[in-house]
There are 2 protein chains.
Amino acid sequence: MAGVESEKLPQNFRKEIVQRVSRNFLDILVLRLIQTEPMWGYKIIKKTEKLFGIKLRHGALYPLLNQLEKKGFVRSRKVAKGGRVRKVYEITPKGIQLVDSYYDFLREQLQRLDIKEV
Amino acid sequence: MAGVESEKLPQNFRKEIVQRVSRNFLDILVLRLIQTEPMWGYKIIKKTEKLFGIKLRHGALYPLLNQLEKKGFVRSRKVAKGGRVRKVYEITPKGIQLVDSYYDFLREQLQRLDIKEV
DNA sequence: CCTAATATGTCAAAAATAAGACATATTGTA
DNA sequence: TACAATATGTCTTATTTTTGACATATTAGG
């Protein structure tokens, strides 16, 4: 019996990777969304679920947004929509810089796939 | 040196990003190193310091390596070098699959920079 | 001989994170 | 009039992760 050994379909770890990136780089994920289009917390939650299938807990997101503002990565303005008040965030130049640094590093990592000896 | 400081240098978050990636994707970093060339723990520590300027604590690395082996991402063989025994690790097909999944996701992220509406 | 370097391992305590409840207010809809 | 959805916030309690110490053994070099 040749080749009986499991020729399993190659495992896909994508889901796992997406989850890990979302957990550990949630700030950058959020900055990217805000960069694309100014947004408020509730919309970020809905958007993230649609785009990535990830349910953000609001108890995690709102403190994060406030922290990002305090650090100067985003700025917010309150926008009344009916009787509700939305806190609409937009990215700052500093925030853009952080996102860019992240992407620069990703590119670097991809290019270095062939490292042998240094 | 004329007018060197007239323009604010854009902040570079590279160091911070490298640290975060190393902390959260240490397993993949290690797998990459092992994929390039079979290696033992101590060498990984030295290599990582040279390549990325990151000092891994051996108290964190060795349990990680054992875990990676238990999960089938690497396999090891003991190689005597003088009177010392090195546990040389090599990557498995499953390990390669994980690294590939990671890189696929990075590529995907870079391509999606221009998302507007989905 | 002694110290630094090589080499691998465990484990408890400390620190950081995450989950989920508590809190409040408006609007749309059945 | 309820209930679901929109909207933002805090805070305590798990859970997880990290730090750093304890442990052991060999080799190289001053």
Side-chain angles (χ1 to χ4, degrees), chain A residues 15-30 33-34 37-50 52-71 73-90, chain B residues 16-31 33-34 37-50 52-71 73-90:
Chain A
K15 212 170 200 168
E16 200 186 303
I17 300 283
V18 173
Q19 272 172 0
R20 281 174 66 181
V21 172
S22 306
R23 181 168 285 112
N24 299 306
F25 294 94
L26 182 58
D27 54 347
I28 286 167
L29 179 91
V30 165
L33 288 176
I34 292 171
E37 177 189 13
M39 251 179 249
W40 56 100
Y42 194 86
K43 188 170 182 184
I44 290 169
I45 290 169
K46 295 294 163 192
K47 198 96 183 179
T48 307
E49 197 176 349
K50 256 192 198 166
F52 303 100
I54 292 156
K55 289 177 194 185
L56 300 183
R57 285 162 301 105
H58 77 271
L61 181 63
Y62 291 120
L64 172 67
L65 286 169
N66 290 322
Q67 205 184 33
L68 286 176
E69 185 162 31
K70 214 166 98 185
K71 289 181 184 170
F73 295 113
V74 296
R75 70 178 142 253
S76 71
R77 59 184 196 283
K78 293 200 171 170
V79 177
K81 173 80 177 177
R84 291 193 197 101
V85 178
R86 289 175 177 167
K87 222 170 140 184
V88 177
Y89 291 90
E90 62 179 327
Chain B
E16 201 186 303
I17 299 285
V18 173
Q19 273 173 359
R20 280 175 68 181
V21 172
S22 306
R23 180 168 285 114
N24 298 305
F25 293 94
L26 182 59
D27 54 346
I28 286 166
L29 179 91
V30 165
L31 286 175
L33 289 175
I34 292 170
E37 176 189 12
M39 251 180 247
W40 56 99
Y42 195 85
K43 188 170 182 184
I44 290 168
I45 290 169
K46 295 293 163 191
K47 198 97 182 178
T48 306
E49 197 175 350
K50 255 192 198 166
F52 302 100
I54 290 157
K55 289 178 192 184
L56 299 182
R57 284 160 299 103
H58 77 271
L61 180 64
Y62 290 121
L64 172 67
L65 286 169
N66 290 323
Q67 205 185 31
L68 286 175
E69 184 162 32
K70 215 166 98 186
K71 289 181 184 168
F73 295 113
V74 296
R75 69 178 142 252
S76 71
R77 59 185 197 282
K78 293 200 173 171
V79 177
K81 173 79 177 179
R84 292 192 197 103
V85 178
R86 289 175 179 168
K87 220 169 142 185
V88 177
Y89 291 90
E90 61 179 328

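First the proteins, then the strands, lettered A, B, ... as listed; each starts at 1.
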Among residues at least two apart in sequence or on other chains, which ones pass ring-ring contact (aromatic ring centres under 6.0 Å, His included) with A:Phe25?
A:Tyr102

Residues at least two apart in sequence or cross-chain that pass ring-ring contact (aromatic ring centres under 6.0 Å, His included) with B:Phe73, listed by chain then number, are A:Phe13

Measure the distance from [atom1] on [X] to [atom2] on [N] and round it to the nearest whole Å.
{"X": "B:Ile44", "N": "C:dT6", "atom1": "CD1", "atom2": "P", "result": "15 Å"}
{"X": "A:Glu49", "N": "D:dA5", "atom1": "CD", "atom2": "P", "result": "12 Å"}
{"X": "A:Leu64", "N": "C:dA18", "atom1": "CG", "atom2": "P", "result": "10 Å"}
{"X": "B:Leu61", "N": "C:dG9", "atom1": "CG", "atom2": "P", "result": "10 Å"}
{"X": "A:Leu56", "N": "C:dA19", "atom1": "CG", "atom2": "C1'", "result": "14 Å"}

The criterion is salt bridge (Lys or Arg N to Asp or Glu O under 4.0 Å); which residues satisfy it with [X], sequence neighbours excluded?
{"X": "A:Arg86", "value": "none"}
{"X": "A:Arg57", "value": "none"}
{"X": "B:Glu90", "value": "B:Arg75"}

Residues in side-chain contact (heavy atoms from CB on, under 4.5 Å) contact with B:Lys55, at least two apart in sequence or another chain:
B:Glu49

State which residues pass side-chain contact (heavy atoms from CB on, under 4.5 Å) with B:Gln67; sequence neighbours excluded, sorted by chain then number.
B:Leu64, B:Lys71

Go through A:Ile34 and A:Leu68 one step at a time and tell me if the side chain to side chain contact (heavy atoms under 4.5 Å, CB included) criterion holds.
CA-CA 12 Å; A:Ile34 292 171; A:Leu68 286 176; 5.7 Å; no

Mind checking side-chain hydrogen bond (donor to acceptor under 3.5 Å, both in side chains) for B:Thr48 and listing every partner two or more places apart, or none if nothing turns up?
none

Partners passing side-chain hydrogen bond (donor to acceptor under 3.5 Å, both in side chains) against A:Glu16 (at least two apart in sequence or in another chain)
none

Distances under 3.5 Å between nitrogen or oxygen atoms of protein and nucleotides 8-11 of chain D:
from  : atom 1 : to      : atom 2 : distance (Å)
D:dT8 : OP1    : A:Lys87 : N      : 2.9
D:dT8 : OP2    : A:Gly41 : N      : 3.3
D:dT8 : OP2    : A:Tyr42 : N      : 2.7
D:dT8 : OP2    : A:Tyr62 : OH     : 2.9
D:dT8 : O4     : A:His58 : NE2    : 3.3
D:dG9 : OP1    : A:Lys87 : NZ     : 2.6
D:dG9 : O6     : A:His58 : NE2    : 2.5

Counting the atoms with a prime plus P, OP1 and OP2 as sugar-phosphate, which does A:Lys55 contact under 4.0 Å by heavy atoms, base, sugar-phosphate, or nothing?
nothing

Reading nucleotides 12-18 of chain D from the 5' end, what letters show protein touch, with B for base, S for backbone sugar-phosphate only, - for no heavy atom under 4.0 Å?
------S

Could you run through nucleotides 25-30 of chain D and give me one letter per nucleotide, 5' to 3': B if any protein heavy atom sits under 4.0 Å from the base, S if only the sugar-phosphate is that close, - if neither?
-BB---

Could you tell me which non-hydrogen atom of B:Gly41 sits nearest to which non-hydrogen atom of B:Leu61, and how far apart they are?
O-CD2, 3.4 Å

